[in-house]
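One structure is given below, encoded as structure tokens.
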Amino acid sequence: MKTNLDRLRAKMFTAGLTAVLISDETNLGWLTGFTGSFGRAIVTADRARFITDSRYTLQAQEEVPSMEVTTFASPKEGDEFLAENIHELGILELGFESSIVTHSGWERWTTKFAPIKLVSMGPMMVELRLVKSPEEIDLLRTSCRLADACFDHIKRLIQPGVSEIDISLDIEFFLRRNGAEIGFAPIVVSGERSARPHGTPSEKLLELGDFVTMDFGGTLNGYNSDITRTVVVGHASDRHREVYELVLAAQMAALAMMKPGVAAGDVDKSARDVLATKDLAKFFGHGLGHGLGLAVHDGGRLGPGSPTILEPGQVWTVEPGVYIPGFGGVRIEDDVVVTETGIEILTHTPKELLVLPQP
């Protein structure tokens, strides 16, 4: 089985790169398994060297068995030590992660590493991380199971008089109590505030007839979940049901379209076309979804015009939404992995409109 290091080297060969420098913390974790906060990896066709500081000497030796590990300590400076290693490896041209390195960082490295030429790696790491291994997908399944359990847990709080912030805090507590970190600050918005796609939970109390949108996810064993459900408090009007059912139909249309070979932009369009039948597409202002993995936004997008072609192993969120000022909003989000023939949905919380509390 190919390791992530093997996959990177294959990409380097195709791109004509003889050496690359990996400095992004998430990319390093994907490539090496390292969980510390500082590291660098230099990869050539036949060498792989991991560099960190003395805080992580023992940790790196344990977590990065696939590479030579070398560390430095004060008064040695990090970029100086990195330059020494690059020169020692005989590198003349070095690929770097141009999408995450600042201009000032590039200027500093250009000076420190001279006369070595720095060249952009382009989207190489995004493309590599977009396709998950079976082991990564198993970890994502586990994280998604916890998200489902969290939603089932918090349903009891959906009743008049409970505040948005209290629901948000209970989401965080449940995830942490079950061994996860918080993937992102939970979104809990109700009533007219549910028309804010990324609204911050407030002291507002739930009222009868409110939409309540809850968007949350945990990071478990390094991998994220990201789920959204919208419910109604007490009683759902005809308008509640009309908007909700159309958003659900839009999501189902997008899910039905997803399979290898389909363009991500076309999947997004399929959801918008459904919403347009009732003139609601104008209230859907964000993309349909994004990649999911070690990061909540793990690269790639299901958005208008996105040229990314779906292929097996990609994991996406699928989250159409409608946000009507003065009325409220609905978003329904699931996490899915593309398979050889279609998709596997990783989140299993029911999607029929829930009116809570249930009698």
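For the numbers below, each heavy atom of this structure counts, side chains included, while hydrogens, waters and symmetry mates do not. As the structure is a prediction and not an experimental result, all values here were calculated from the model.
- In terms of modelled atom types and a separation under 3.5 Å, the side chain of R47 and the main chain of L89 share no donor-acceptor contact.
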* **Step-by-step side-chain contact (heavy atoms from CB on, under 4.5 Å) determination, L8 to V43** => CA-CA 9 Å; L8 173 58; V43 179; 4.1 Å; yes
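- Summarising the local packing, CD1 of I309 is surrounded by more than 12 heavy atoms from other residues, nucleotides or ligands at distances under 6.0 Å.
- Follow the hydrophobic side-chain contacts under 4.5 Å out from M214 and you never reach F184; the two are in separate clusters.
- Under a hydrophobic clustering in which Ile, Leu, Val, Met, Phe, Trp and Tyr are joined whenever their side-chain heavy atoms come within less than 4.5 Å, directly or via other members, L288 and M257 fall into the same cluster.
- Within the 4.5 Å cutoff, side-chain heavy atoms of D79 are placed close to those of R108.
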* To do: Report the C-alpha separation of I332 and Y244 in whole Å, then their side-chain angles, then the decisive distance to 0.1 Å, and conclude whether the side-chain contact (heavy atoms from CB on, under 4.5 Å) test is met.
  => CA-CA 9 Å; I332 304 169; Y244 188 93; 3.7 Å; yes
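- Counting only heavy atoms from C-beta outward, the side chains of N221 and S143 never approach each other to under 4.5 Å.
- In this structure a side-chain-to-backbone donor-acceptor pair under 3.5 Å is present from S306 to R301.
- Within the model, atoms CZ of R272 and CG of L280 stand 12.5 Å from one another, a figure rounded to the nearest 0.5 Å.
- Checked by atom type and distance alone, the side chain of T347 pairs as donor or acceptor with a backbone atom of D335 at under 3.5 Å.
- The distance from the CG atom of L82 to the OG1 atom of T70 is 11.0 Å, given to the nearest 0.5 Å.
- Rounding to the nearest 0.5 Å places CG of N27 at 4.5 Å from CZ of R129.
- Under the 3.5 Å distance criterion, the side-chain polar atoms of Y223 are left unmatched by any main-chain donor or acceptor of I137.
- Closest approach of L294 to N224, counting heavy atoms only: O-ND2, 3.0 Å.
- In this structure, the side chain of R193 engages the main chain of T200 through a donor-acceptor pair within 3.5 Å.
- Ring-plane geometry between H240 and F211 is classed as perpendicular, the angle between the planes exceeding 60 degrees on a 0 to 90 degree scale with a lower cut at 30.
- Contact of the W109 side chain with the V101 side chain is registered, since non-hydrogen atoms from C-beta on lie closer than 4.5 Å.
- Within the 3.5 Å criterion, the main-chain N or O of D53 finds no donor-acceptor partner in the side chain of K76.
- Listed for the E164 side chain is no donor-acceptor partner under 3.5 Å among the backbone atoms of V189.
- Taking a 6.0 Å sphere around CD of E340, one finds it holds 12 or fewer heavy atoms contributed by other residues, nucleotides or ligands.
- Scanning all heavy atoms of the two residues, the minimum distance from L28 to I22 falls at CD2-O, 3.6 Å.
- Side-chain atoms of E97 and S23 include a donor-acceptor pair closer than 3.5 Å.
- Although no hydrogens or angles enter the test, the distance criterion places no donor-acceptor pair under 3.5 Å between the side chain of T32 and the main chain of G29.
- Within 6.0 Å of atom NZ in K259, 12 or fewer heavy atoms from other residues, nucleotides or ligands are found, so the atom counts as exposed in its surroundings.
- Checking D215, T230, T213 one by one against R331, the side chain to side chain donor-acceptor pair (under 3.5 Å) holds for a single residue, D215.
- The hydrophobic cluster containing V338 does not contain L140, counting ILVMFWY residues as joined when their side-chain heavy atoms lie under 4.5 angstrom apart, directly or transitively.
- A pairwise comparison of heavy atoms in P160 and P357 identifies CD-CD, 4.3 Å as the closest pair.
- Side chains of T142 and R145: a donor on one and an acceptor on the other come within 3.5 Å.
- At a threshold of 4.5 Å between non-hydrogen side-chain atoms, the residues S37 and Y56 count as touching.
- Without hydrogens or angle criteria, R7 side chain to L128 main chain gives a donor-acceptor distance under 3.5 Å.
- Side chains of D170 and H153: a donor on one and an acceptor on the other come within 3.5 Å.
- L130 is listed as a side-chain neighbour of T308, based on a closest heavy-atom distance under 4.5 Å.
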* Check the pair R141, D138 against salt bridge (charged side-chain N to carboxylate O under 4.0 Å, His left out), reporting the backbone distance first and the verdict last. => CA-CA 5 Å; R141 285 192 187 98; D138 280 342; 2.5 Å; yes
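- A single hydrophobic cluster is seen to contain both F96 and I116, as judged by linkage of ILVMFWY side chains at heavy-atom distances under 4.5 Å, directly or through other members.
- Under the side-chain contact (heavy atoms from CB on, under 4.5 Å) test applied with L175, the options T219, L220, I182 reduce to a single match, I182.
- With rounding to the nearest 0.5 Å, the separation of CG in D148 from CG in D334 is 8.5 Å.
- A donor-acceptor pair shorter than 3.5 Å can be found between the side chains of T3 and D6.
- Atom CD1 of I324 and atom NZ of K282 lie 9.0 Å apart (nearest 0.5 Å).
- In the hydrophobic clustering of ILVMFWY residues, with side-chain heavy atoms under 4.5 Å counting as a link, V212 and I227 come out together.
- When every heavy atom of S202 is checked against every heavy atom of S163, the shortest pair comes out as O-CB, 4.3 Å.
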* Asked: So M121 and L21, side-chain contact (heavy atoms from CB on, under 4.5 Å) or not? Walk me through it.
  -> CA-CA 9 Å; M121 292 173 63; L21 171 62; over 6 Å; no
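- When atom types are taken as modelled, the side chain of E63 and the backbone of T35 share a donor-acceptor pair closer than 3.5 angstrom.
- For the residue pair P186 and F216, the shortest heavy atom distance occurs at CB-CB, 4.1 Å.
- Between the CG atom in L94 and the OG1 atom in T110 there is a gap of 10.5 Å [rounded to 0.5 Å].
- Using a 4.5 Å heavy-atom cutoff, the side chains of T57 and T52 are not in contact.
- Heavy-atom minimum distance, A48 versus L5: CB-CD2, 4.1 Å.
- Between M125 and I100 the shortest side-chain heavy-atom distance does not fall below 4.5 Å.
- Looking only at atom types and distance, the side chain of T339 has no donor-acceptor partner in the side chain of E344 under 3.5 Å away.
- Ring geometry, F72 versus F38: the interplanar angle exceeds 60°, so the pair is classed perpendicular (tilted spans 30 to 60°).
- Using a 4.5 Å cut-off on side-chain heavy atoms (C-beta onward), H286 and Y323 make contact.
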* So V355 and R241, side-chain contact (heavy atoms from CB on, under 4.5 Å) or not? Walk me through it. -> CA-CA 10 Å; V355 179; R241 294 187 184 279; 4.2 Å; yes
